[in-house]
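In what follows, chains are A, B, ... by sequence order, proteins preceding strands, each numbered from 1.
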Amino acid sequence: MKKTVNYVLFVFMYLLCTQADAQQERYTISGYVEDAKTGEKLIAANVFDPEKNKGTTTNVYGFYSITLPKDSVYLAVSYVGYETKYFRMYLDKDISMNLALGVGAELDEIVVTAEKYERVEQKTQMSQVSVPIKQIKKLPALLGEVDILKSLQLLPGVQSGGEGTSGLYVRGGSPDQNLILLDGVPVYNVSHLFGFFSVFNADAIKNVTLTKGGFPARFGGRLSSVLEINMKEGNMKEIKGSGSIGLISSRLTLEGPIVKDKTSFIISGRRTYLDLLARPFIKQASAVEEDIDFTGGYYFYDVNAKINHKFSEKDRLYASVYTGDDRFYVKVNENYSYGNEEYDFGIESSLDWGNLTSALRYNHLWSNKLFSNVTATYSRYNLNTGITASETDKYNGEVVYDASYGAKYLSGIEDLNGKIDFDYLPNPSNHIRFGAGVTHHTFKPGALNFKISATDSSPLDTIVGTGNTTSMDYVAYVEDEITIGENFKANIGVHGSAFDVEDQLYFSIQPRVGLRYLLPGDVAIKASYATMTQYLHLLTNEGIGLPTDLWLPSTARIKPESSWQAALGIAKTFNDKFEFSVEGYYKKMDNLISYKEGASFIDFGDWQDKVEQGSGDSYGAEVFVQKKKGKTTGWVGYTLSWTNRQFENINSGKVYPFKYDRRHDISAVVIHEFNERISASATWVYGTGNAITLPVSRAEVYLPNDYYNGPTEIEYPSEKNAYRMNAYHRMDVGVDFIKQKKRYKRKFTIGAYNMYNRKNPFFIFASNERTYDSNGNFTTVRKFKQLSIFTIIPSFSWGFEF
Amino acid sequence: MKLLKYSPLMFFALLFACEQVVDIEIPEQDSQLVLSSFYESGDLRIKANLTRSLHILSPENAGDIWDASIRFYENEVLIGQLEDQLDTLYASYQIGIDSLGNPIYDTYLIDIQRAYFLDLAAPLQTGKTYKLLAEAPDFKPAFATQELLPAPNVVSFDYKPRAGVSLDGGSVDLFKLGIQDLAGEDNYYEIALYLDDAYDDIDTTRFWQQRYLEGSFTPGVEEGQGGSLLTRDDLFNGNLYNIDLTTWPIDTTNRDIRLVVKSISRDKYLFSKSINAYWNAEGNPFAEPVIVPTNVENGLGIFSIENSTEFIVE
């Protein structure tokens with residue numbers, strides 16, 4: 001309690017300090033910044049008075065508010081990829097004004113190109129990267145499937161897991177430590193097709209921001225990163241559409257006004273057709289056995305939809321839904337007759353998993369300085385897998401034997417959430433955010449339902465496994481983005497949370513500090529400190545994104561995970577073109593969970609018995625050089641890092657490298673627009689090989705009661721993760737050919753994944769090989785081998801926009 | 001449309017092109033002595049086996065080492081040297097009754113074990129520290145140390161045939177145990193169930209076969225090697241620990257049941273737990289790799305001394 005009081009006092013003192021010049025007569029300009037063509041609100045756009053050196057940025061709803069002294073105002077509004085608008089006015093009253101950016105915006109402005117105030121050195125926030133969705137769409141992609149998460153893997157401090165997978169390992173954290181928010185709703189399973197594709201359809205996405213450290217107080221619940229993904233709101237002006245046909249999937253997006261400038265919608269869908277493509281081949285294979293009919297396949301789909309309605313300039317409502325599912329199915333039927341006997345056998349198996357998220361958000365402008373958003377969300381992730389089999393024997397048309405067997409496994413998580421967030425901008429020196437929320441979680445840790453019935457035997461219908469668990473998650477936060485003088489900025493806040501589960505109540509107070517000081521020569525020095533607490537744990541198999549991943553709560557036995565992270569860095573923009581930043585960080589993590597040695601997600605029983613809790617740390621440095629403007633854009637990132645784990649009963653309690661401990665990680669991205677019709681992109685990545693455990697020796701050990709079997713051979717592995725796979729490197733390329741047709745714009749994309757056909761390791765396995773001499777005698781030799789799954793893979797897609 | 005027509009072919013061509021296999025080099029490893037020795041309180045001899053470790057890719061057979069010297073120490077004082085001997089185990093079973101009404105037995109050989117043995121003048125004593133030191137040409141001397149812990153204080157024991165219910169609804173035999181833990185120290189327990197094999201060997205000593213125990217209804221119970229169960233006192237330090245254990249229904253006709261509760265060292269606890277995990281993980285590509293720990297310095301294997309309390313249901 002004493003700590004809480006201290007934090008509140010600390011924040012209050014800062015507020016007092018920054019109110020020193022608040023006695024002048026002041027007025028407020030407020031409103032929304034939006035795309036002039038579509039009416040889409042622009043997130044984190046800059047609204048700045050360069051003469052007074054005061055400014056603000058829009059929030060996630062595009063709202064801004066800036067309060068300035070009564071005087072002549074020279075206001076500039078800018079956003080990456082849009083033309084900057086400047087305009088001058090005399091401020092002698094409060095003004096409400098929506099600002100539209102882009103070609104054709106009808107404002108009284110002077111267009112300039114040097115946006116000094118949106119440079120990296122101006123921002124207090126460190127360890128944060130926003131990648132424009134337009135840039136993401138131009139990057140080469142595996143099988144032509146644009147993938148937001150894989151694009152983020154190209155940033156320093158962010159690593160991929162296995163080959164081609166979309167999991168994010170941020171500063172030594174595991175994928176479950178990323179808070180992934182789609183329109184503010186947590187998405188629990190972000191992968192399709194066993195992790196090779198992410199669930200986010202880039203056509204429906206407006207904005208992607210990844211925060212790796214220095215977390216503002218408004219975020220909490222995960223240790224390693226916050227990934228905010230905002231869906232488009234839908235074009236307020238006119239009906240627009242886009243779509244594409246690719247190697248494995250097709251997409252279609254429609255958006256437009258329902259009531260012009262008042263209500264808009266967007267709906268976007270994607271479906272793979274692996275199953276449709278494979279169907280003729282399966283049918284052909286099935287036809288070989290005339291008594292057997294075999295069908296099977298796999299597909300995934302996702303649908304994003306959103307409606308946005310403006311009741312008035314002060315009230316807006318957003319309703320958004322995302323649903324996506326993966327489905328794998330197999331069906332076999334065998335039927336034959338022999339004389340008077342007729343036999344019928346059928347087996348059906350399926351594996352379905354998917355997310356549903358929905359959010360209802362209501363914006364209200366209480367005054368030109370106070371903005372609020374009320375959110376109600378529902379989300380769920382479910383895994384259903386089942387197998388049913390039936391067998392019928394008939395003799396002379398009479399059933400002599402009839403049996404059926406069924407097994408169904410269900411698991412998942414379901415959330416109901418309500419929260420309220422406020423933005424209060426009393427003056428240009430303070431942007432205060434505060435809010436509170438509550439989430440009701442229902443965890444379904446897995447139940448296996450058996451049903452058996454057969455002629456002449458008792459039927460069985462039983463459920464094995466753990467029952468549902470519910471919990472309540474409460475959060476409250478306050479933070480202030482403070483400007484003190486010309487050169488000093490700070491974001492100071494506190495995030496409090498409580499988690500109520502199984503008569504156990506956990507509390508956490510998490511202070512957050514971000515500081516920026518501008519040195520001469522426009523070099524910013526930045527520092528941050530953040531503590532985080534995570535009440536949810538993911539039971540997962542490292543490496544592949546299996547649908548069997550299980551979200552589970554902290555319990556009386558399994559404590560919440562916690563971390564603290566400190567970072568220090570410098571940032572500067574060179575020649576108005578190149579943003580440069582270097583950051584060093586140290587992150588300590590406690591109460592991490594890991595499967596016990598030998599445990600596997602396949603095991604049933606109490607999950608708490610299968611896991612260990614331990615600690616970890618990660619430290620390193622990241623260098624990032626980015627060019628955002630011009631015909632050639634892109635970035636180069638380098639990460640030098642160390643990541644370790646320690647669990648009492650793993651590796652004999654000794655510290656060991658995390659599987660994704662990667663000493664060196666390099667990524668280079670180049671996008672070049674030759675002209676309006678042709679653009680090309682290339683990416684190159686290099687990473688130190690993943691840490692692995694390999695058996696290095698074998699021995700025969702006699703165990704008690706080995707009367708019959710003799711000694712037992714045991715393979716002794718190296719210390720955990722003591723070996724490294726070969727280094728990973730790969731180049732991807734892509735070229736877009738765009739042509740404006742009479743009624744639509746056509747885009748044809750060709751690309752290649754792993755251009756120079758590098759055989760990168762996916763996993764290593766032991767293999768016995770026989771070698772024969774001239775007499776036909778053989779000797780068995782054991783070898784380790786590396787499996788590489790993706791060699792060079794060309795891709796193409798055809799798309800359109802109207 | 002041409003693209004659509006050929007896309008299935010292209011896709012499947014890509015799938016077939018995915019797999020590539022490359023050899024991986026594993027560095028050489030020094031061969032080490034592998035010592036295996038298990039002593040149960042009351043035994044009058046020490047038995048040990050000695051093998052060697054090999055490089056994982058070596059085509060050789062490990063085999064036993066018979067030119068070694070293995071010495072046994074009590075509190076660092078030499079007790080004696082283990083000798084290479086054969087241990088023969090016979091069993092007999094009744095095949096009929098003679099004209100005088102006496103049972104007629106047939107005898108058969110169960111096992112011949114060649115190992116290192118040392119006969120003791122008296123059983124090992126609680127609280128003392130014992131060491132095995134193995135030396136063999138071309139190997140670093142390997143040794144392991146263990147203390148004989150006090151026998152577990154089992155304050156209650158009950159056996160109820162078919163009194164329990166298994167996870168799938170079937171009836172199982174139930175054992176109820178109460179262990180009074182010693183406060184202030186880390187204690188590890190192993191619980192093993194044996195069934196009389198229904199035969200008596202020619203020395204009239206019983207031949208016990210181990211039976212799998214299930215303890216998933218009691219928190220903190222873990223599976224150990226050979227069907228035994230393990231627990232440690234971090235959940236019940238210094239307190240009474242009540243455990244419910246089950247096993248598939250036992251046909252007790254002509255069969256005795258022996259339940260043994262052992263005080264074991266942390267070394268044996270980790271070894272037994274990891275051996276079980278090792279077997280469970282075998283062939284499962286998704287399982288975490290298991291490192292079987294050793295308490296043998298400069299070598300591998302396990303030396304364990306256990307003190308037990310046992311219950312026999314006749």
For [X], is it the side chain, the backbone, both, or neither that has a heavy atom closer than 4.5 Å to a heavy atom of chain A?
X	answer
B:Q32	neither
B:L270	side chain
B:N276	neither
B:I275	side chain

Pairs of heavy atoms under 4.5 Å with chain A: top-ranked of B:T51, B:L54, B:V34 = B:L54
Does atom CG of A:D773 have more than 12 heavy-atom neighbours from other groups under 6.0 Å away?
-> yes
For B:E60, side-chain hydrogen bond (donor to acceptor under 3.5 Å, both in side chains) partners two or more places apart = B:R52
Contacts of B:S272 meeting side-chain hydrogen bond (donor to acceptor under 3.5 Å, both in side chains) (sequence neighbours excluded), chain-then-number -> none
Below 4.0 angstrom, N of the basic side chain to O of the carboxylate: do B:E222 and B:R232 qualify?
-> no
Over all heavy atoms of both residues, which pair between A:T693 and A:P717 is shortest? Give the atoms and the distance, please.
-> CG2-CB, 3.5 Å
If you count heavy-atom pairs under 4.5 Å with chain B, which of A:E648, A:E719, A:M725 comes out on top?
-> A:E648
